[in-house]
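To start, the structure itself, in structure tokens.
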Amino acid sequence: MGDASTNGRPETVGNPPATGPAVPGLDEAGLLLDVDGAVATVTLNRPERRNAMTFATWRGLAAIGRSLPAEVRVVVVRGAGPSFSAGIDLGMFSGDGGGLPDGSDAEAADRFIAELQEGYTWLRRPGIVTVAAVHGHAIGAGFQLALSCDIRVIADDAAFCMKEPALGLVPDLTGTKPLVEIAGIGRALELCLTARTVPADEAARIGLAETLVPRDGLDGAVRDLVDALLAVDAGAAAATKRLLWQAAGNTLEAQSAAERREQIGRLRALSAS
Ligand code: CAA
């Protein structure tokens, strides 16, 4: 990273402190946020723990989502060090449980998990395109974070694992829906219920990645993608993202009507400009 072909953007990984809006608590959350014009880069930054995530990480991600400047159009999510993310910090299962709810108060537990899920759901917002740049392991919560992004670019050392069932839990950070939509119910069941590790070539073959590149080509591939995404009209990009994300749940009739609505909006915007 950090070569001359970054189109003037500062590099983030391994180059703290990052720049961007002041989001309190990102250090403790193990996160870096770098905002450069239309591009925000979120870096999971606990490499010594393979970017294992805590409640603070998920709350930090949600805070980033809330504080993203309006001019940001593309968000890149990546990991520092050898892995994208080793998932939940396993230290949270020991001792006093690190504040994990025991489920005895279902309403409180529901609120607690919903708050953590907010760290992931903003990545689907139509006004931004989100890109997961995955290298090394993406396990559990890390796999789900990659699944929350619109597009995944992965290195040939990437390895995905939905570990939660092996720990007696379910994936609950919004990953089950995209996993089924991408891989199909049979493959999603097989991956989750065996908790096996999916290597990069298989991940690309079954649609878990849009682009697979050699490890040393990841940064360049992400840069090229970001540049291509920024070259498209911002309003058209947001409208098209809205359309595409609702397509699977719509009838052809409803989707055709949605296309008409969005196109009328585009025609108005174009004639006003
Ligand atoms: N939590 C806390 N610490 C972790 C961690 C995790 N999830 N993953 C790695 N670390 C720590 C290791 O303990 C180790 O610490 P020390 O140097 O103090 O020994 C350090 O990070 C480096 O780890 P490794 O030496 O194991 O690094 P590696 O590169 O050889 O292997 C790995 C990387 C394959 C990710 C391996 O560390 C691993 O399997 N980690 C556990 C993954 C896991 O089970 N995650 C939980 C998934 S479930 C989930 O995320 C969702 C949920 O809600 C339950």
Side-chain angles (χ1 to χ4, degrees), residues 13-14 27-32 42-62 77-104 106 108-121 123 132-149 152 154-180 183 188-203 208 215-216 218:
V13 177
D27 264 4
E28 304 88 287
L31 294 167
L32 289 176
V42 178
T43 303
L44 306 170
N45 192 39
R46 292 179 77 206
E48 72 290 352
R49 290 267 159 246
R50 301 299 181 264
N51 303 323
M53 300 189 227
T54 63
F55 299 138
T57 315
W58 297 319
R59 292 188 180 114
L61 287 170
V77 181
R78 64 191 324 148
S83 298
F84 180 74
S85 171
I88 194 170
D89 190 315
L90 293 171
M92 288 158 64
F93 291 120
S94 57
D96 66 359
L100 271 178
D102 64 9
S104 55
D110 185 84
R111 276 196 305 275
F112 183 86
I113 298 169
E115 187 200 348
L116 304 182
Q117 288 172 332
E118 279 174 33
Y120 288 53
T121 47
L123 292 158
V134 180
H135 71 285
H137 287 94
I139 303 178
F143 188 4
Q144 295 189 70
L145 184 61
L147 285 167
S148 301
C149 292
R152 281 154 294 281
I154 69 170
D156 54 10
D157 69 344
F160 297 89
C161 173
M162 202 64 92
K163 189 77 174 281
E164 288 83 343
L167 300 174
L169 297 165
V170 299
D172 68 344
L173 290 166
T174 76
T176 57
K177 185 171 166 64
L179 181 63
V180 169
L189 280 166
E190 183 260 331
L191 293 186
C192 293
L193 302 189
T194 63
R196 79 173 167 89
T197 298
V198 182
D201 56 345
E202 182 188 357
L208 291 173
R215 175 68 188 90
D216 64 2
L218 184 62

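Both ligands and their constituent atoms are indexed starting at 1 by order of listing. Computed from a prediction, not measured in an experiment: that's the story for all the values here.
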Checklist entry - Okay, side chain of Asn45, backbone of Ala80: is any donor-acceptor separation there less than 3.5 Å? => result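 Answer holds: no.
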Item to check | Exam field: side chain Ser83 to backbone Gly136, donor-acceptor pair closer than 3.5 Å | outcome: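 No, because the side chain of Ser83 does not come within donor-acceptor range (under 3.5 Å) of the backbone of Gly136.
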Next on the checklist: Could you work out, with side-chain hydrogen bond (donor to acceptor under 3.5 Å, both in side chains) as the rule, every residue matching Gln117, not counting sequence neighbours?
Outcome noted: none
Checklist entry - Does a side-chain N-to-carboxylate-O contact under 4.0 Å join Arg59 and Glu28? => result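 Salt bridge: no.
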Next on the checklist: Between Phe112 and Phe55 (judged by ring centroids, cut-off 6.0 Å), do the two rings come close enough to count as a pair?
Outcome noted: yes
Checklist entry - Do you know which of Leu191, Leu179, Thr194 makes side chain to side chain contact (heavy atoms under 4.5 Å, CB included) with Met162? => result Leu179
Checklist entry - Around ligand 1, what residues show up once you keep those with a heavy atom under 4.0 Å from it? => result Glu48, Arg49, Arg50, Ala52, Ala86, Gly87, Ile88, Asp89, Leu90, Phe93, His137, Ile139, Gly140, Ala141, Lys163, Glu164, Leu167, Leu169
